[in-house]
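Shown next, in structure tokens, is the structure this report addresses.
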Amino acid sequence: MNENIINIKSKISSQCQLVVVTKTRPIETLQGVYELGERHFGENRVQELLPKYESLPKDIHWHLIGHLQSNKVKYIASFIHCIHSVESMSLLEEINKQAAKNNRTIQCLLQIYIAKEETKYGLSENEALEILHSEKLKLLKNIKIVGLMGMATNTENQSVIANEFKILKTFFDSVKNIQSNNIAITELSMGMSSDYELASQMGSTMVRVGSAVFG
Ligand SMILES: *Cc1c(COP(=O)(O)O)cnc(C)c1O
């Protein structure tokens, strides 16, 4: 595990944060990752995240990377560091409401649909722009939109993946300068085990890596 982490870090930019995707791994494994010094962990299901959060040290930054149902937000609002998978205004409103109850501001990424697969969640660029420019958004004082997330098509074809990352990076560059009370776009979450090196080269600031860490 340690060698894998060292190897991954040697292939990504020093500006790029490694989020270790710990979904499906047992708590003892997460404890081991923690002892190696990692502090950014990603989980995709609230039910699985909660017992892990309860059992592990409280200086871990937890990232929610999977589809999030509005009725689950209340369980994670007191501690979640960043939600990568925001796909609607109504979800943002619920995150804002629960963050306010906890006197917190929760960092959010808008998940953008870039893959040529029907199964992947996410917003189109136009839908994301609609959210970013909406008057409603300005009223949400307890969230901050800090960036974008995307998942490339699950393919061996590197040029397909590179093209999708380029589309996302271009969109990221076009929204980076939007100024608002709760928008400060600095993070681009792209890259997983099969494509993190390419993602980092193409401007990712956060790679979400699971299987390449655990082997
Ligand atoms: C599982 C998952 C990852 C990590 O996948 P690996 O291929 O194991 O690195 C990254 N992002 C999301 C959204 C995931 O669900």
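Just so you know, ligand 1 is whichever comes first in the structure, and atom 1 is the first atom listed for that ligand. The residues of the chain are indexed from 1 along the displayed sequence.
- Checked by distance only, ligand 1 and Gly210 come closer than 3.5 Å through their nitrogen or oxygen atoms.
- With salt bridges taken as basic N to acidic carboxylate O contacts below 4.0 Å, one links Lys52 and Glu43.
- The shortest non-hydrogen separation linking Ser189 to His84 is OG-ND1, 2.9 Å.
- Of the protein's non-hydrogen atoms, Ser193 OG, 3.3 Å is the one closest to atom 6 (P) of ligand 1.
- At a 4.0 Å heavy-atom cut-off, ligand 1 does not touch His84 at all.
- Atoms of ligand 1 lying under 4.0 Å from at least one heavy atom of Ser211, given by number and element, are 6 (P), 7 (O), 8 (O), 9 (O).
- Cation-pi geometry between Lys58 and Tyr53 is satisfied (NZ or CZ under 6.0 Å from the ring centre, within 45° of the ring normal).
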TODO: Quick one: do Leu137 and Ile183 satisfy side-chain contact (heavy atoms from CB on, under 4.5 Å)? Show the steps, please.
DONE: CA-CA 9 Å; Leu137 182 71; Ile183 304 175; 3.6 Å; yes
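- In this structure, Leu64 and Asn44 approach most closely via the heavy-atom pair CD2-C, 4.4 Å.
- Looking from atom 13 (C) of ligand 1 to the surrounding protein, the closest heavy atom is Ile65 O, 3.4 Å.
- A side chain to side chain contact (heavy atoms under 4.5 Å, CB included) with Met190 is found for one member of Met149, Met202, Glu164 and no other, namely Met202.
- At the top of the distance list for atom 5 (O) of ligand 1, counting protein heavy atoms only, stands Met192 CE, 3.6 Å.
- Using a 4.0 Å cut-off between a side-chain N of Lys or Arg and a carboxylate O of Asp or Glu, Glu38 and Lys9 qualify as a salt bridge.
- Nearest protein neighbour of atom 11 (N) of ligand 1, counting heavy atoms only, is Arg208 NE, 2.9 Å.
- Interface atoms of ligand 1 facing Lys23, defined by a heavy-atom separation under 4.0 Å, are 1 (C), 2 (C), 3 (C), 14 (C), 15 (O).
- Of all the atoms in ligand 1, the ones that sit under 4.0 Å from a non-hydrogen atom of Val209 are 9 (O).
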